[in-house]
Amino acid sequence: MNLYDSKAQTLREFVPLKAGEVGMYVCGPTVQGAPHVGHLRSALVYDILRRWLAAKGLRVTLVRNVTDIDDKVLEKASEAGVPWWALAYQFEQEFNAAYRTLGIEAPTYEPRATGHITEMLELVDRLIDAGYAYQATDGSADVYFKASKWASYGELTNQRIEDMVDDAEGQLRGKLDARDFTLWKAAKPNEPVTAQWPTRFGAGRPGWHLECSAMATRYLGARFDIHGGGLDLRFPHHENELAQSRAAGDEFANFWLHNGLVNVGGQKMSKSLGNSTFASDLFTQARPIAARYFLGSAHYRSVLDLHDSALAEAESAISRVEGFLARAERKLGRRDFEGHHDRYQQLPTAFVSAMDEDLNLPAALAALHEAVRAGNAALDAHEDAAAQVELSAVTAMVDVLGLNPNSSVWSVGQGDSAESKALGSLMEALIAERNLARANKDFARSDAIRDQLKAAGIQLEDAADGTNWSIS
RNA sequence: GGUGGAGUGGCUGAGCGGCCCAAAGCAACAGCCUGCAAAGCUGUAAACCCACGGGUUCAAAUCCCGUCUCCACCUCCA
């Protein structure tokens, strides 16, 4: 398959470094606030990529970190009057809950920055030994990376170091050059002692860039297949990661992937505009499966716009797919696959080539809808064999995309509960009564039942072989 | 100033030299189905030829040049 490598600025054929295995590192959140739609999109993109690679038979190791120590974490915790680690953990849990709601699978490893101080300090030592890092000249415990010495600096974002704006003129503090960046931060007087780790430079805590390099190589080795993250992280974060890891002698990522950002109503999300849409907002406006459909409906590298009707459109579109699956499964039974290989065989070629071409999700969804239409047509024509083929295809696609409505991830707290059994028997009785009224041409009565149910959020669907119901 | 991305039907959104008189979804309209609906299917209309102007080519939405507009990033602290 081909993937767009941001560093090479072109599509490249993806070949795993080690046959049959893929190592992926994705920048996770700094847990200093509640998850918003941008965080969710990023996590979702790599979840789908991971599922696709797995569907192709590759063994994927996905690492997504949690930045649980950072200036903002300390600042917010201090404002809230709670310990920084409590604040970080609270938001980490919120992120995980939002990921689960969206059906995003847990990463293979989910390292926290604070759990990898040793690895980070080792990396700092290697950089100092190699002459690419130095302790601050003002005697503080800050440690900087010598960007000006690393000749390849700027290779990820195609910038020349001499073109970079030195806006920090006069704010060098202990830096030799304004473009040098912080690897390790000296503890400040007002910061809690729990946010400090002793080092030979003095007490301090890790800089953001250092964390990711240390954790990526800790779990994936000195060279690994894919490094992903949001487009806003390209510079300086990823540029710095690349520089420090390479300067330390690690080859680092083979592919750099960047997902596009989410706009709200055509505008960038920002605190000052007050238009940030959080996971909690999203889930009150749409069912999780519809939210997932929406977040995956644009190409992963495009800007995704959350406009007024976007979620309603996604809801309609996924309902169509759900409707077909429910209808086909009533008639033909649920399609179960023997395994990944069996499932992969059922995927239409248009879907496979779309996914293989830089994860072209809009084209993949087009293939999905095409199969749904063909499947519905086959059911209408009572061509069961043809319908079965489409049912298999749709089930396989929806599995790969994480949009299978039958998946247990969407039905937390539902299923075989006493409530749902009670509802089922009530519905059975009401449907029987309505059908009796219809047979007697008492349409006033039958429509009253239908309207009443609709007001309660229950849709009826009259099929040739009986009446079905669903909750919207 | 530098780097990168984008401008396609009413909306969303693929396509990035010929298969494009441009996928798919949403919205609209009509027919079939239905007691009537819903769902489904079929069809229609919808992009004054894909921001604008020029060029290359047998052939351009797709390549080149210019212009306009929009977006992202350009070092912790933003």
Side-chain angles (χ1 to χ4, degrees), chain A residues 6 9 70-72 75 142 144-145 147 153-154 156-168 171 173 175 177-185 188 207-210 230-240 243 258 260-261 263 266-268 270-272 293-294 297-299 301-321 323-324 326-327 350 354 357 360-370 372-381 437-444 446-447 450-451 454 459-464 467-468 470:
Chain A
S6 300
Q9 292 182 50
D70 169 87
D71 290 351
K72 282 190 190 156
E75 199 179 296
D142 283 329
Y144 297 111
F145 180 83
Y153 194 73
L156 179 67
T157 49
N158 196 25
Q159 302 180 90
R160 296 155 153 272
I161 193 162
E162 53 269 28
D163 287 342
M164 291 181 191
V165 191
D166 322 10
D167 65 338
Q171 285 190 27
R173 294 190 313 223
K175 286 186 190 178
D177 185 290
R179 286 158 295 210
D180 293 350
F181 61 86
T182 310
L183 293 168
W184 185 263
K185 296 185 166 204
K188 298 189 184 65
W208 180 34
H209 314 307
L210 182 68
L231 194 56
D232 54 344
L233 300 183
R234 276 175 79 224
F235 195 90
H237 187 52
H238 291 166
E239 187 74 71
N240 290 172
H258 289 99
L261 307 179
N263 282 174
Q267 287 184 307
K268 184 187 173 179
S270 77
K271 249 174 252 173
S272 55
Y293 184 98
F294 162 70
S297 63
H299 188 103
R301 286 193 281 123
S302 309
V303 174
L304 176 67
D305 191 31
L306 177 56
H307 54 95
D308 288 342
S309 53
L311 293 171
E313 281 179 23
E315 173 60 49
S316 298
I318 191 66
S319 293
R320 186 174 150 73
V321 176
F324 166 68
R327 184 183 176 204
E357 195 60 18
N360 188 336
L361 295 177
L365 291 175
L368 174 65
H369 281 102
E370 196 56 45
V372 166
R373 191 201 51 74
N376 273 318
L379 288 172
D380 281 354
R438 289 171 73 204
N440 295 331
K441 303 215 185 298
D442 179 4
F443 297 124
S446 68
D447 289 354
R450 186 169 67 193
D451 292 345
K454 191 178 178 189
Q459 275 76 45
L460 294 183
E461 196 180 306
D462 292 323
T467 301
N468 305 299
S470 61

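In the text below, chain A, chain B and the rest are named by the order of the sequence lines, each starting its count at 1.
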More than 12 non-hydrogen atoms from neighbouring residues, nucleotides or ligands closer than 6.0 Å to CG on A:N440, yes or no?
yes
Which is true for A:Y153 with a 4.0 Å heavy-atom rule: it touches a base, it touches only sugar-phosphate, or it touches nothing?
base
Smallest separation among heavy atoms of A:E315 and A:S319, with atom names:
O-OG, 2.7 Å
Students often get this wrong, so: under 4.0 angstrom with heavy atoms, is A:A310 touching a base, only sugar-phosphate, or nothing?
nothing
Kindly give the heavy-atom pair with the smallest separation between A:A314 and A:F294, and that separation in Å.
CB-CB, 3.7 Å
In B/S/- notation, 5' to 3', how is nucleotides 6-13 of chain B contacted by protein heavy atoms closer than 4.0 Å?
-----BSS
Distance check, P atoms only: B:A46 and B:G10, in whole angstrom units.
11 Å
Partners of A:R438 by salt bridge (charged side-chain N to carboxylate O under 4.0 Å, His left out), sequence neighbours excluded?
A:D462
Got a salt bridge between A:R179 and A:D177, using NZ or NE/NH1/NH2 to carboxylate O under 4.0 Å?
yes
Roughly how far apart, to the nearest Å, are B:A24 and B:A45 at atom P?
15 Å
Could you list the protein-to-nucleotides 2-4 of chain B atom pairs, N/O on both sides, closer than 3.5 Å?
residue, atom, partner, partner atom, Å
B:U3, O3', A:N158, ND2, 3.1
B:U3, O2', A:T157, O, 2.9
B:G4, OP1, A:N158, ND2, 2.9

Could you pull out all residues at least two apart from A:A381 that satisfy side chain to side chain contact (heavy atoms under 4.5 Å, CB included)?
A:E383
In whole Å, what separates the P atom of B:G25 from that of B:U57?
40 Å
Angle between ring planes, A:F181 versus A:H209, binned at 30° and 60°: parallel, tilted or perpendicular?
perpendicular
Strand RNA chain B as a dot-bracket string - pairs counted if Watson-Crick or G-U with both distances under 3.5 Å, | where the partner lies in another strand:
((((((((.[[[..)..(.....]]].(((((.......)))))......[[[[[..)....]]]]])))))))....
May I ask you to verify whether the side chain of A:Y144 and the base of B:U75 hold a donor-acceptor pair under 3.5 Å?
no
Spacing of A:H237 atom NE2 relative to B:A78 atom C1', expressed in whole Å:
16 Å
For A:K268, which contact category applies under a 4.0 Å heavy-atom criterion: base, sugar-phosphate, or nothing?
sugar-phosphate
On a whole-Å scale, what distance lies between the P atoms belonging to B:A72 and B:A28?
34 Å
Taking the P atom of each, how far is B:A60 from B:G2, in whole Å?
33 Å
Using a strict 4.0 Å threshold on nitrogen-to-oxygen distance, state whether A:K72 and A:E75 make a salt bridge.
no
Name the closest nucleotide to the A:K185 side chain, picking from B:U75, B:C76, B:G25.
B:C76
Across all chains, not counting sequence neighbours, the side chain to side chain donor-acceptor pair (under 3.5 Å) partners of A:N263 are none
With sequence neighbours excluded, tell me which residues meet side chain to side chain donor-acceptor pair (under 3.5 Å) with A:E461.
none
Between A:H209 and A:A317, which has a closest nucleotide on RNA chain B that is more 5'?
A:A317
Please measure how far the C1' atom in B:C77 lies from the corresponding atom in B:G55, and state the result in whole Å.
50 Å
Aromatic rings A:Y293 and A:H369: how do their planes relate, parallel, tilted or perpendicular, breaks at 30° and 60°?
perpendicular
Once side chain to side chain contact (heavy atoms under 4.5 Å, CB included) is applied, do any residues pair with A:D71, and if so which ones, sequence neighbours excluded?
A:K185, A:R205
Protein-to-nucleotide contact annotation, 5' to 3' order, nucleotides 33-44 of chain B [B base; S sugar-phosphate only; - none; under 4.0 Å, heavy atom]
--BBBBSSSS--
Under the rule for side chain to side chain donor-acceptor pair (under 3.5 Å), what residues qualify as partners of A:N376, not counting sequence neighbours?
A:R327
RNA chain B: A:E370 or A:A363, which has the more 5' nearest nucleotide?
A:A363
If the P atom of B:A61 is compared with that of B:C76, how far apart are they to the nearest Å?
45 Å
Only counting residues at least two apart or in another chain, list the ones meeting side chain to side chain donor-acceptor pair (under 3.5 Å) with A:S297.
none
List the residues meeting salt bridge (charged side-chain N to carboxylate O under 4.0 Å, His left out) with A:E313, not counting sequence neighbours, and say none if there are none.
none
